[in-house]
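This report refers to the structure that appears directly beneath it.
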Amino acid sequence: MGKKIVVIPGDGIGREITDAARKVLEKISRKYALGLTFEEKAAGGTAYDAYGTPLPDETIEAAKNADGVLFGAVGGDQWNDLPPEKRPERAILGLRKSLGLYANLRPVKVPAMLAGYSPLKPAIITGADILIVRELIGGIYFGDRCESEIKNGAERAWDLENYSVPEVTRIARFAMKAAGLRKGHVTSVDKANVLATSRLWRRTVTDVAKEYPDIRLSHLYVDNCAMQLACAPKQFDVIVTSNLFGDILSDEAAVLGGSIGMMPSASIGENTSLYEPIHGSAPDIAGKGIANPCATILSAAMLLRYSLNEEKAARAIEQAVDAALQEGWRTPDLYQEDSGLKKANTQTMTDAILAQIG
Ligand code: NAI
Ligand code: MG
């Protein structure tokens, strides 16, 4: 009955933050009798140094057979001169492809005590709780393209956007189910006033919504959505959108939170899903023991929610992170002098969260 988690620390602060998240998962596993077991695998620059490839076959195999993958981050200047197929980032693309990760999830939730870090006014951002669901392996990023051709005497290039009904159905179903665990509202974002792919998208999402009578569905054009995220983010619950629109909107939404060290993500696959912070390997602070572990710990909570169906345990982690922040603990990325806050490093922040789990 045990559930196997494959942990891929990667490079830079990846080791520090995945160790922290693993400690939290171990404690939660004991408390809720989840029977989690852990296996560690290499990827990124450190894997290249040890095995001559950024993504060893053994890592792919283990990931495919896992119940969930917890990923740190990859990359670092020392590997920048390698040929493209040896570079650390290849590990991410390779895992995305081998696990068929079709949906990328980014929650944006700003606890009141961190609202001051958002570029938005506290009154606008406080209480916002959004989940962006981005289609990840279709659309214009994977369509046919032409780098250069001459037509009517002028050089041009083109990229083809296409979506099939099964592709849209799959992501729409995921968004509906995710909304069922939240406030029950899905906003589908497209550009149906202009694009044929968007009209198919809208029609398909509308059809899928009929399978979920408890979910409220709204549609929004992407340009309007970009504005609404900045001026009225509290209206959203789940946002579902295409690869291209989701790439842009999820980065816009990520900065609303104001603090990269707090933002988790998930990439959902047909069998195995992968969970990682949205930030990178932070080489500037790697090895110093001061990285903020919260984004990775919150990614571990998403693993419990979306891969293991353990909603209660997931919420316990999220509440423990909130409570540790409420107690005043802050890693240096969020610490302010003379604020009465308590300065934490990776270890003390993790301990404060563990203490809240009890
Ligand atoms: P980054 O996200 O690693 O760092 C940006 C800034 O945020 C740095 O000042 C860093 O110290 C800070 N930061 C990031 N995470 C933090 C945390 N948990 N706690 C405290 N501070 C934190 O982005 P950057 O510097 O552009 O890239 C560094 C390396 O990471 C590059 O090699 C890049 O390719 C790679 N990268 C990898 C990603 C992944 O593995 N999914 C995603 C983004 C970048
Ligand atoms: Mg992006």
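Computed from a predicted model, the values in this text were never measured in an experiment. As the structure lists them, so they are numbered: ligands from 1, and atoms in each ligand from 1.
Partner R203 forms a side chain to side chain contact (heavy atoms under 4.5 Å, CB included) with one of L200, V205, T206 and no other, that one being L200.
Closest heavy-atom approach to atom 19 (N) of ligand 1 within the set N292, I260, I290, D77: this belongs to N292. Comparing heavy-atom distances from atom 38 (C) of ligand 1 across S259, G280, P332 singles out G280 as nearest. Counting heavy atoms only, S281 comes closest to atom 30 (O) of ligand 1 of the residues S281, G75, G12. Taking all heavy atoms of D11, I285, T331 into account, the minimum distance to atom 21 (N) of ligand 1 is reached by I285. The closest heavy-atom contact to atom 10 (C) of ligand 1, among the options I17, T346, L334, D284, comes from D284.
Inside a 4.0 Å radius of atom 2 (O) of ligand 1 there is at least one protein heavy atom. Distance check for atom 5 (C) of ligand 1: every protein heavy atom is found at 4.0 Å or beyond. At least one protein heavy atom sits closer than 4.0 Å to atom 32 (O) of ligand 1. Put simply, atom 27 (O) of ligand 1 has no protein non-hydrogen atoms near it, under 4.0 Å away. Contact annotation for atom 15 (N) of ligand 1: protein present (non-hydrogen atoms, distance under 4.0 Å).
Only the side chain of P283 comes within contact range of ligand 1, with a heavy atom under 4.0 Å; no backbone atom does.
In terms of N/O distances under 3.5 Å, ligand 1 is approached by G76.
Note on Y275 and L93: separate hydrophobic clusters, where clusters join Ile, Leu, Val, Met, Phe, Trp and Tyr whose side-chain heavy atoms are under 4.5 Å apart, directly or indirectly.
In summary, the side chains of E276 and S299 do not present any donor paired with an acceptor at a separation below 3.5 Å, with no hydrogens or angles considered. No hydrogens or angles considered: a donor-acceptor pair under 3.5 Å links the side chains of N224 and Q228. For the residue pair Y163 and E135, a side-chain donor N or O sits within less than 3.5 Å of a side-chain acceptor on the partner.
Within ligand 1, counting atoms from 1 as listed, the ones closer than 4.0 Å to a heavy atom of A73 are 40 (O). Near H279, with a cut-off below 4.0 Å to any heavy atom, the atoms of ligand 1 are 2 (O), 14 (C), 15 (N), 18 (N), 42 (C). Under a 4.0 Å criterion applied to the non-hydrogen atoms of A291, ligand 1 contributes the atoms 19 (N). Interface atoms of ligand 1 facing E89, defined by a heavy-atom separation under 4.0 Å, are 34 (O). Ligand-side atoms of ligand 1 in range of E276: 41 (N), range being under 4.0 angstrom from any heavy atom. The distance from ligand 1 to the heavy atoms of I92 drops below 4.0 Å at these ligand atoms: 39 (C), 40 (O), 41 (N).
Regarding atom 37 (C) of ligand 1, its nearest protein heavy-atom neighbour is V74 O, 3.1 Å.
Taking the ring centroids of Y48 and W79, they lie at or beyond the 6.0 Å cut-off.
Salt-bridge annotation for R15 and E40: present, with a side-chain N of the basic residue lying under 4.0 Å from a carboxylate O of the acidic one.
C225 places a side-chain heavy atom less than 4.5 Å from the side chain of L249. Under the 4.5 Å side-chain criterion, counting only non-hydrogen atoms from C-beta, N345 is in contact with T348.
Contacts classified as ring pair (Phe, Tyr, Trp, His ring centres under 6.0 Å) and involving residues 202-252 (residues at least two apart or in different chains) are not found.
Counting Ile, Leu, Val, Met, Phe, Trp and Tyr side chains that sit under 4.5 Å apart, directly or through other members, I13 shares a hydrophobic cluster with I17, I285, I290.
No more than 12 heavy atoms of other residues, nucleotides or ligands lie within 6.0 Å of CG in D57, so this atom counts as exposed by the packing criterion.
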